[in-house]
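Everything below concerns the one structure shown next.
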Amino acid sequence: MCVGPARALYTGPGLDLAPHINLALTIAVAWQQPFALRTWARTGGWSDWRRCEAAVVPSESLHHLQSSGSMAFLYLDPLQDRRSPLSLADLLAGRARLLEAGPAVGIDAAFAAFGLARRVPTDDRIARVVLEIERHPDAFARLRDAAAVAHLSPSRFRARFDREVGLPFRRYRMWRRMAVVMRTLAGGGNLTDAALAAGFASSAHLSSAFRQVFGLPASSLLALGVTIDLSGDAVLPAQWVSARPRAPAAAA
């Protein structure tokens, strides 16, 4: 598991994943034999299973993936990676480049294989909040506290955050708390340490949240002997955030 700047990469055996709702847009890639994927829609329920060599799973999407072979999962940065869909040709070309690089591919090379270049955030009020989440991932239990940092009313902040990041504020905050979990485990901490560092009430609370995000408990992932490479995990260079004064919320 490589944890990069608000991105993540998993390479290894296909996991027995339960249906779950991912936070970040995810590219799933089969190293060898195709995997099976189905998705849920409110109007039609579960789709038919389809066999894929590569697929994009949109953020906030309930899905079920089954694989008996090795897989790669690329979890995109909700703030800085593009959210426009990749075509099937793009996916297959990216998979070919990934296979050429091999299972030991690093996170930067894996994302480059799919032509994923970062975009500069367009709203530095939202960028300022993202920086604060990085510095204090267990803060902002109330949305209105984050809105105050952005000098926006809660309703305007909620709408702007959704538009800029592509995720609701609380879901993005959960994504970055999971990065804290990975950092703590990589540093030799246990699940209790990771839960406390990321602001969860207990290791059981963390395990439940982890399963909802990734489709399996954190303990199951660790039991595989997974190694965690932090790769300089950080998000949003500070120089991208303007230092100019902010207008009050009423004028925003």
ask   = Do any N or O atoms from the side chain of T26 and from the backbone of A24 form a donor-acceptor pair under 3.5 angstrom?
value = yes

Next on the checklist: Quick one: does any side-chain atom of N22 pair with a main-chain N or O of V57 as donor and acceptor, under 3.5 Å?
Outcome noted: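 Between the backbone of V57 and the side chain of N22 there is a qualifying donor-acceptor contact (under 3.5 Å).
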
Across all chains, not counting sequence neighbours, the salt bridge (charged side-chain N to carboxylate O under 4.0 Å, His left out) partners of R171 are E60

Please name the pair of heavy atoms, one in [X] and one in [Y], separated by the smallest distance, quoted to 0.1 Å.
X	Y	result
M182	L221	CE-CD2, 4.2 Å
P34	A30	CA-CB, 4.2 Å
V226	M1	CG2-N, 3.7 Å
G14	M71	CA-CG, 3.9 Å
L98	A72	CD2-CB, 4.0 Å
V29	R95	CG1-CG, 3.5 Å

Any residue meeting side chain to side chain donor-acceptor pair (under 3.5 Å) with [X], in chain and number order, not counting sequence neighbours:
X	result
D145	R142
R177	none
S87	D90
S155	S153

Apart from I21 itself, members of its ILVMFWY cluster (side-chain separation under 4.5 Å) are W40, W46, L62

Can you list, pair by pair, the side-chain donor-acceptor contacts under 3.5 Å of residues 203-220, counting residues two or more places apart and other chains?
residue : atom : partner : partner atom : Å
H205    : ND1  : A201    : N            : 3.1

Legend entry - Pairing residues for F140 by the ring-ring contact (aromatic ring centres under 6.0 Å, His included) criterion, not counting sequence neighbours: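 For F140 there are no ring-ring contact (aromatic ring centres under 6.0 Å, His included) partners, ignoring immediate neighbours.
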
Those residues at least two apart in sequence (or on a different chain) that pass ring-ring contact (aromatic ring centres under 6.0 Å, His included) with F161 are F157, F169, Y172

Can you find a heavy atom in the side chain of [X] that is under 4.5 Å from one in the side chain of [Y]?
X	Y	value
F114	R97	no
E53	L92	yes
L65	F73	yes
R7	L116	yes

Quiz prompt | Step-by-step side-chain contact (heavy atoms from CB on, under 4.5 Å) determination, L185 to L191 | solution = CA-CA 7 Å; L185 295 175; L191 289 177; 4.0 Å; yes

When rounded to the nearest 0.5 angstrom, what is the spacing between [atom1] in [X] and [atom2] in [Y]?
X	Y	atom1	atom2	value
R156	H151	CZ	NE2	15.0 Å
I133	R176	CD1	CZ	9.0 Å
L23	Y75	CG	OH	10.5 Å
L17	S67	CG	OG	9.0 Å
E164	R125	CD	CZ	10.0 Å

Where at least one partner belongs to residues 188-198, residue pairs that pass salt bridge (charged side-chain N to carboxylate O under 4.0 Å, His left out), sequence neighbours excluded =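 Passing the test, one end in residues 188-198: no pairs.
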
Contacts satisfying salt bridge (charged side-chain N to carboxylate O under 4.0 Å, His left out) that involve residues 36-51 (not counting sequence neighbours) are none

Please test L25 against D81 for side-chain contact (heavy atoms from CB on, under 4.5 Å), starting from the C-alpha separation and ending with a verdict.
CA-CA 9 Å; L25 186 147; D81 282 322; over 6 Å; no

Treating Ile, Leu, Val, Met, Phe, Trp and Tyr as nodes and any side-chain heavy-atom pair under 4.5 angstrom as an edge, say whether [X] and [Y] lie in one connected cluster.
X	Y	result
I126	V149	yes
I228	L196	no
W49	L88	no

Margin query: Whether E134 and R183 form a salt bridge (side-chain N of Lys/Arg under 4.0 Å from carboxylate O of Asp/Glu) is what I want to check.
Written below: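 Salt bridge between R183 and E134, a charged N being under 4.0 Å from a carboxylate O: yes.
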
What I want to check is whether the side chains of Q32 and S70 have a donor and an acceptor closer together than 3.5 Å.
no

Hey, could you give me each pair passing ring pair (Phe, Tyr, Trp, His ring centres under 6.0 Å) that has a residue in residues 10-38? Not counting sequence neighbours.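 Sorted result for residues 10-38: H20-H63.
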
